[in-house]
Enquirer: 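Quick one: the structure is below, questions incoming.
Any value given below was found using the heavy atoms of this structure, including those in side chains, with hydrogens, waters and symmetry copies removed.
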Number of protein chains: 2
Amino acid sequence: MDDDAQGRPLTAYPRPSVAVDTAVLAVRPTDGQLTVLLIRRESRHLDQSEALPGTFVHDRQRLAEAVARSLDQKVGLPADVVPEQLHVFDDPERDSRGWVMSVAHVVALPWRVVEPILSARPEVVVDRPIDRARGLPFDHDDIVRRAVAWLRERYAERPDPAGLLDEPFTMRQLRELHTAVAGEPPSSSDAFRRRMVDHLVAVKGELLRGTVGKPAQLFRRR
Amino acid sequence: MDDDAQGRPLTAYPRPSVAVDTAVLAVRPTDGQLTVLLIRRESRHLDQSEALPGTFVHDRQRLAEAVARSLDQKVGLPADVVPEQLHVFDDPERDSRGWVMSVAHVVALPWRVVEPILSARPEVVVDRPIDRARGLPFDHDDIVRRAVAWLRERYAERPDPAGLLDEPFTMRQLRELHTAVAGEPPSSSDAFRRRMVDHLVAVKGELLRGTVGKPAQLFRRR
DNA sequence: CAAATAGTGTCTCTTAGACAGTATTTG
DNA sequence: CAAATACTGTCTAAGAGACACTATTTG
C-alpha cells in the first residue's frame, strides 16, 4: 500500500478483525466421497450448528500460523499442514458481531490423517460430503465451493499433487481418487492410465489383489 | 471464522491495518511492451520512489471500493474498473510503520484508458515495462509477478478476456496483443489464428491497412 | 511487378477416447 | 474353467504446428 498515512499514525484508521477459515478436504474410503471437515458447535448466538474451522488472527500473527492454530485446537490436526489462500471475504455485514474480514484457506489431507480425528472427537469434528455441506453460516458455502474448484483444477493436471494416496499405489487407486475429486469417473479408464503414467514411476513388486484379477503394477509419484 | 470470541467482544483482539495494492497492467502500443503503472512519490521515510498504487481500507469499506478509491485518487482512473484479488501479503514486518496486511489486486486496462492519465500527470504516474519493474518497496515485486502470471493464464485460454483491444480488431492486432502479454510471439501465426477464430465473430467490412498488403478481416469477441 | 500482409490447404505428430483383445490372478 | 481385474494394440477424431501456396493490397 502507499502512504496516505503520511505523517499520520496507523492507529488513526479503524481496523477490521481478520479471521481465517479453512476447508479441510479429504476422500472417505468407505464410500469414495469427497468430504469437508466441519466443527459442531453449541448454537448460542448463531443459528447454525456446523461450520468450517476458523479463528481470529492474533497480534502480528501470520495467516498460516492462525490456520495451523485453529486446525490444531479445533480439529486436532498436526501443525505441519500447508494450507493455501483462496479468497478474502470482505462483506462488512458478513458477521453480525462486527467488521470481520475472513481469509479463506484450503488444504487436502490423506484419510490416514483425518480418520483418527473423526474417531477421537466424533461429537466435535464431522466429515460431510461436499454436496451435502450446504446452508453453512457466514460465507462458508462459498468457501467450500471455491475449495472444491481449487482441488479439481489441481487434479486435472497431475496424478496426486496433494499427496492424498499413500505410496506406492495402483492405477486403480489413483483412478478412484480422481473419481472422488472430480465427482465422476474419468471418461475412459485406459486413456486415464496413459495420461497419468508419464507422471509416475513404476515400482518393482506388485500388489496381490485381495480378490481376483491380475496383480496390479505399483507406482510412485515422479 | 468461528467464535473463539464467544462472550468476548471483537475489540478485545488486536487488529491489523488492512491495505490494498493494485497492479494496473496495460500494453503500450508504441513498443508493444506489457507495462505496470507506478506512482512516483516523495521519498520521505521510505527509500523507494516508485510503488504500486494502494491505500488503507476505510471503516467497513469493501476491498473493491478501496481499490477503486486508490485508483481514482492516486492514478486518476475512472471508478468502474473491476480489479481481481490476487493474494494477501501478511508478513508482520513487511511495513516498518506497523502491522499491515495488504490484499494485492490486479486489473488490466486498454491503452485508450491509460494513455490520458500518463499525459495528464506524467510526474505522478508512470508506466514501466514489467521486466524493469524491479526493486519496488514492500512486496510489490511479488505482486507484479503474480499479476503478470494471472494475466498470462487468462490469455492462454481466450482471445481477449480483459477487453484490451477496441472492437473490431484484426487477427494481427490480436496476435500482437498476445505477444505482448506472453512476452514472446505465438509459436505459429496460422495455428494462432485457428485457435482463436472459434472464439471470435467476423465482421463485414475490412480494415484498409495503412501500409501494404491484403486487407484484414475484422473480428469481435464472441 | 516487387514487397508486404492476409488467409487457406495440407501434411505430420500428438493426444484422447473407444473398443477389442490379451494377460494373470482367485475360487 | 469362469469371473474379475490389469494391461496393450489399434483405430479414429481432433488439434497444434510447419510450410507451402494463393489472394489482395501499396508503391
Enquirer: How many Å lie between CE on B:Met171 and P on D:dA23, as a whole number?
Expert: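 Answer to the nearest Å: 20 Å.
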Enquirer: Quick one, give me the B/S/- string for nucleotides 11-18 of chain C, reading 5' to 3', where B means a protein heavy atom under 4.0 Å from the base and S means that only happens at the primed atoms, P, OP1 or OP2.
Expert: -----SBB
Enquirer: Does some side-chain heavy atom of B:Val144 sit less than 4.5 Å from a side-chain heavy atom of B:Arg128?
Expert: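 With C-beta onward as the side chain, the pair stays apart.
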Enquirer: How long is the line joining CZ of B:Phe169 and P of C:dA6, in whole Å?
Expert: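 Answer to the nearest Å: 14 Å.
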Enquirer: When you get a sec, tell me which of D:dT25, D:dC7, C:dT26 is the closest nucleotide to the side chain of A:Val212?
Expert: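 Output: C:dT26.
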Enquirer: How are the rings of A:His140 and A:Phe138 set relative to one another: parallel (under 30°), tilted (30 to 60°) or perpendicular (over 60°)?
Expert: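 Tilted, since the angle between the ring planes falls between 30° and 60°.
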Enquirer: Using the test side chain to side chain donor-acceptor pair (under 3.5 Å), find all partners of B:Gln61 that sit at least two apart in sequence or belong to another chain.
Expert: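 B:Arg69.
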Enquirer: Can you measure from CG (B:Leu164) to CD (B:Gln173) and round to the nearest 0.5 angstrom?
Expert: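 So the gap between those two atoms works out to 12.5 Å.
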Enquirer: Tell me the interatomic distance from A:Leu174, atom CG, to D:dA6, atom C1', rounded to whole angstroms.
Expert: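 My rounded result for the distance is 15 Å.
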Enquirer: Grab the CD-C1' distance between A:Gln217 and C:dT25 for me, whole Å please.
Expert: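 Distance, rounded to whole Å: 15 Å.
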Enquirer: Counting side-chain heavy atoms from CB outward, which of C:dT8, C:dA3, D:dA6 is closest to A:Lys214?
Expert: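 The answer is D:dA6.
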Enquirer: To the nearest Å, give me how far apart CZ (A:Phe219) and P (D:dA6) are.
Expert: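 Rounded to the whole Å, the gap is 11 Å.
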Enquirer: Would a 4.5 Å heavy-atom cut-off, applied to side chains only, mark A:Asp142 and A:Phe89 as touching?
Expert: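 Side chain of A:Asp142 against side chain of A:Phe89, heavy atoms only: contact under 4.5 Å found.
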Enquirer: May I have the distance from A:Leu200 (atom CG) to D:dA6 (atom C1'), rounded to whole angstrom?
Expert: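 Atom-to-atom, A:Leu200 to D:dA6, this comes out as 15 Å.
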Enquirer: Round to the nearest Å and state the distance from B:Met196 atom CE to D:dG17 atom P.
Expert: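 In whole Å, D:dG17 P and B:Met196 CE are 11 Å from each other.
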Enquirer: Could you tell me whether the side chain of A:Leu34 reaches within less than 4.5 Å of the side chain of A:Leu151, counting heavy atoms only?
Expert: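 Side chain of A:Leu151 against side chain of A:Leu34, heavy atoms only: contact under 4.5 Å found.
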Enquirer: Check this one for me: any side-chain N or O of A:Arg172 less than 4.0 Å away from OP1 or OP2 of D:dA6?
Expert: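 Yes, such a contact exists.
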